[in-house]
Q: 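Handing you this structure, nothing more for now.
For the single chain, residues carry numbers from 1 onward in sequence order. Here the structure is a predicted model, which is why all the values come from computation and not from measurement. Ligands are counted one by one from 1 in listed order, and the atoms in each one are counted from 1 as well.
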Amino acid sequence: MKNSKISSVSALEILDSRGNPTIKVYVRLEDGTLGTASVPSGASTGSNEAIELRDGADRYGGKGVLKAVENVNTEIAGALTGKWATDQRVIDDVMIRLDGTENKDRLGANAILGVSMAVARAGANISGLPLYQYLGGAGTPRIPVPCMNILNGGEHADNSVDFQEFMLIPDGAPNFREGLRYVSETFHHLKSILNRKGLATSVGDEGGFAPNCKSNEEAVELITQAIGEAGYEPGKDLSIGIDSAANSFSPNLNNQYDLKWSGKGKALSKDLIDLTGKWLDNYPIILWEDPLSEGDWEGFAQFTKKYGDRIEVVGDDIFVTNTKFISKGIELKTANAALIKLNQIGTVSETIDAVRMCREAGWRYFLSHRSGETEDSFLADFAVAMDGGHLKSGSACRGERLAKYNRLLEIEHELKGHSEYRWS
Ligand SMILES: C=C(OP(=O)(O)O)C(=O)O
Ligand SMILES: [Mg+2]
């Protein structure tokens with residue numbers, strides 16, 4: 001295999017899809033090969049996520065990342081110059097040690113992750129392999145089922161829906177291309193339904209519609225209706241996934257909740273668990289993420305005990321892609337799947353460790369974008385490489401989300417039928 005040493009590492013402040021500053025990294029190798037990567041940013045974050053280093057001052061209406069850029073250009077560049085580009089684990093470990101903190105808050109997880117991803121790209125480029133194959137190895141690539149967020153609420157929209165994401169899951173499609181068609185067509189039908197009902201068709205941060213529904217239940221009803229009007233059978237061709245992102249309506253980040261956007265008011269874990277039971281009986285729901293908040297380990301365990309054999313129960317803010325929390329979750333049967341976000345932990349290697357832990361425990365893992373994204377399609381290749389079988393990247397009506405779906409179309413096309421697509 002061809003290899004080369006890193007000759008330079010540099011960074012630039014760019015903008016993300018919310019118009020806030022983020023970081024883009026360039027890794028150049030001695031033979032001239034280049035790897036680049038841009039870092040996403042979340043809004044509904046877990047408190048144990050690796051720290052995104054931001055400047056004190058506002059730039060472009062959001063806090064800048066000039067200090068993180070400087071850290072890449074100076075300390076990180078100094079430590080990595082001369083290292084072999086394909087030694088991903090070594091490079092990630094050098095940065096972890098250089099940072100020296102538990103949560104990467106000295107150099108910044110955004111700085112470290114940008115470099116880690118750009119190194120992976122440079123490694124793939126010098127190896128002459130597509131990124132998904134470089135990170136995933138040989139074997140039949142599996143193209144993930146696109147869980148498309150078509151209705152937004154919570155922190156991601158200015159409307160009356162408490163739950164953050166309502167996703168369409170084309171689990172009955174024969175391949176990725178068809179799956180993407182199913183969800184896109186249903187998206188357009190949902191738009192017609194909203195128009196007919198006089199509800200807004202403006203979109204939230206991830207490109208899903210953000211109507212002022214009468215209740216959370218109306219949101220899931222509208223989606224079920226849209227599936228039918230698009231000519232698909234709910235529960236056979238297309239199913240539904242929910243991300244409550246319950247942190248965002250839990251004042252104590254534990255077992256108390258306030259359904260503030262819908263005006264339904266105070267609730268306890270038990271109320272949300274009961275509500276889920278009703279929804280599972282009435283709607284074709286097969287996945288539920290963060291039904292409870294990051295401190296409500298007890299509620300999560302009860303939720304999983306009740307519904308874990310019917311649906312995928314995903315922990316996002318509670319596990320933050322960190323093996324320390326995922327291992328606790330496996331032991332306590334807190335969920336049966338983990339959300340996987342590269343920037344929650346801050347290096348490609350540690351993200352792969354989290355995936356491996358899930359796999360070994362028989363858990364599922366759900367690859368995810370962030371609500372603040374860039375046009376970088378790294379996640380698409382990464383999801384194929386990790387063989388997780390499903391990913392979420394928002395709605396295809398926004399370029400930064402579409403970049404991932406289009407890259408997956410391209411990967412599937414290039415594989416000329418030598419790929420798999422299945423929900424389980
Ligand atoms: C993608 C999500 O949102 P954010 O990036 O705002 O955390 C999520 O909560 O799963
Ligand atoms: Mg989430």
Side-chain angles (χ1 to χ4, degrees), residues 16-20 22 38-52 54 62 109-110 113 144 146-158 161-167 169 203-208 210 240-250 253 261 272 287-296 300 303 311-322 325-326 329 334-335 337-346 351 354 364-374 376 378-380 382-383 388 390-395 398 400-401 403-405:
D16 72 12
S17 55
R18 275 192 278 257
N20 294 328
T22 188
S38 305
V39 176
S41 174
S44 63
T45 49
S47 32
N48 293 310
E49 292 194 21
I51 301 294
E52 198 175 64
R54 295 223 167 248
N110 43 354
L113 179 65
C147 302
M148 191 190 277
N149 177 2
I150 64 162
L151 200 147
N152 293 190
E155 299 272 9
H156 291 176
D158 293 320
V161 178
D162 298 299
F163 300 156
Q164 181 179 281
E165 299 169 26
F166 292 75
M167 291 168 272
I169 305 180
V203 298
D205 284 358
E206 296 185 355
I240 295 174
I242 311 264
D243 178 6
S244 303
N247 262 17
S248 56
F249 52 84
S250 173
L253 284 189
W261 287 290
L272 296 176
L287 176 150
W288 205 305
E289 180 186 330
D290 281 1
L292 300 157
S293 77
E294 66 173 54
D296 196 355
F300 247 101
F303 186 98
I311 59 167
E312 179 172 329
V313 182
V314 186
D316 172 10
D317 293 338
I318 190 167
F319 299 141
V320 291
T321 316
N322 189 324
F325 300 106
I326 296 173
T334 304
L339 201 74
I340 301 293
K341 290 167 165 166
L342 285 142
N343 79 328
Q344 279 183 328
I345 188 70
T351 309
R364 285 167 67 86
Y365 44 97
F366 185 21
L367 282 300
S368 174
H369 66 153
R370 297 309 303 246
S371 51
E373 268 291 337
T374 72
D376 192 335
F378 189 97
L379 175 69
F382 190 71
H390 53 315
L391 104 165
K392 63 172 186 174
S393 179
S395 154
R398 291 185 61 138
E400 74 282 0
R401 320 284 149 187
K404 284 69 164 173
Y405 294 132

Q: Please list, chain by chain and in numerical order, all residues satisfying side-chain hydrogen bond (donor to acceptor under 3.5 Å, both in side chains) with Asp296, sequence neighbours excluded.
A: Tyr257, Ser269

Q: Tell me which protein heavy atom sits closest to atom 3 (O) of ligand 1, plus the residue, atom name and distance to 0.1 Å.
A: His156 CE1, 3.1 Å

Q: List every atom of ligand 1 that sits less than 4.0 Å from any heavy atom of Arg370, numbering the atoms from 1 in the order shown and giving each element.
A: 4 (P), 5 (O), 7 (O)

Q: Going through the distances and angles, do Asn149 and Ser395 end up as a side-chain contact (heavy atoms from CB on, under 4.5 Å)?
A: CA-CA 5 Å; Asn149 177 2; Ser395 154; 5.6 Å; no

Q: Side chain or backbone of Glu155 under 4.0 Å from ligand 1, or both, or neither, by non-hydrogen atoms?
A: neither

Q: Can you tell me which residue and heavy atom of the protein come closest to atom 9 (O) of ligand 1, and the distance to 0.1 Å?
A: Gln164 NE2, 2.9 Å

Q: Out of Gly46, Ser244, Ser371, Ser248, who is nearest to atom 6 (O) of ligand 1 when you count heavy atoms only?
A: Ser371

Q: For Gly42, take its heavy atoms, then give the atoms of ligand 1 lying under 4.0 Å from any of them.
A: 4 (P), 5 (O), 6 (O)

Q: Ignoring hydrogens and angles, tell me if any N or O in the side chain of Asp317 forms a donor-acceptor pair with the backbone of Glu294 under 3.5 Å.
A: no

Q: So which heavy atom in the protein is nearest atom 10 (O) of ligand 1, and how far is it from that ligand atom?
A: Lys392 NZ, 2.6 Å

Q: Pairing donors with acceptors under 3.5 angstrom, does anything connect the side chains of Asp316 and Gln344?
A: yes

Q: May I ask you to check whether Ser41 and Glu52 show a side-chain donor-acceptor distance below 3.5 Å?
A: yes

Q: Taking 4.0 angstrom as the limit and counting only heavy atoms of Leu339, give me the atoms of ligand 1 inside it, by number and element.
A: 10 (O)

Q: Any chance you could lay out the side-chain contact (heavy atoms from CB on, under 4.5 Å) test for Tyr405 and Leu391, step after step, and finish with the verdict?
A: CA-CA 10 Å; Tyr405 294 132; Leu391 104 165; 4.2 Å; yes

Q: Which of these passes side chain to side chain contact (heavy atoms under 4.5 Å, CB included) with Lys392: Arg401, Glu289, Lys404?
A: Glu289

Q: May I ask whether Ala245 has any heavy atom positioned less than 4.0 angstrom from an atom of ligand 1?
A: no

Q: Any nitrogen or oxygen of Ser44, main chain or side chain, under 3.5 Å from a nitrogen or oxygen of ligand 1?
A: yes

Q: Return the set of residues passing ring pair (Phe, Tyr, Trp, His ring centres under 6.0 Å) with Phe366 (not counting sequence neighbours), or none when no residue passes.
A: His390

Q: Taking only heavy atoms of Asp243, which atoms of ligand 1 are found under 4.0 Å from at least one of them?
A: 8 (C), 9 (O), 10 (O)

Q: Pull out every atom of ligand 1 sitting under 4.0 Å from any heavy atom of Glu289, numbered as shown with elements.
A: 10 (O)

Q: For the Mg ion (ligand 2), how many protein N, O or S atoms come closer than 2.8 Å?
A: 3

Q: Check Asp16 with Arg370, please: is the shortest side-chain N to carboxylate O separation under 4.0 Å?
A: no

Q: Within the side chain of Ser371, is there an N or O that forms a donor-acceptor pair under 3.5 Å with the backbone of Ala43?
A: yes

Q: Applying side-chain contact (heavy atoms from CB on, under 4.5 Å), run through Ile318 and Thr334 and close with a yes or a no.
A: CA-CA 9 Å; Ile318 190 167; Thr334 304; 3.8 Å; yes

Q: So if I count the atoms of ligand 1 from 1 in the order they appear, which ones are less than 4.0 Å from some heavy atom of Lys341?
A: 1 (C), 2 (C), 7 (O), 8 (C), 9 (O), 10 (O)

Q: Taking atom types as modelled and ignoring hydrogens, do the side chains of Asn152 and Glu206 form a donor-acceptor contact shorter than 3.5 angstrom?
A: no

Q: Starting from atom 1 (C) of ligand 1, locate the nearest protein heavy atom and write down its residue, its atom name and how far away it is, to 0.1 Å.
A: Glu206 OE2, 3.4 Å

Q: Which of the atoms of ligand 1 are close to Asp316, meaning less than 4.0 Å from one of its heavy atoms?
A: 8 (C), 9 (O), 10 (O)

Q: For Glu400, check side chain to side chain contact (heavy atoms under 4.5 Å, CB included) against everything at least two apart and list the hits.
A: Ser17, Glu373, Arg398

Q: Examine distances only and state if a side-chain atom of Tyr365 and a backbone atom of Ile340 form a donor-acceptor pair shorter than 3.5 Å.
A: no

Q: So is His369 touching ligand 1 or not, going by heavy atoms under 4.0 Å?
A: yes

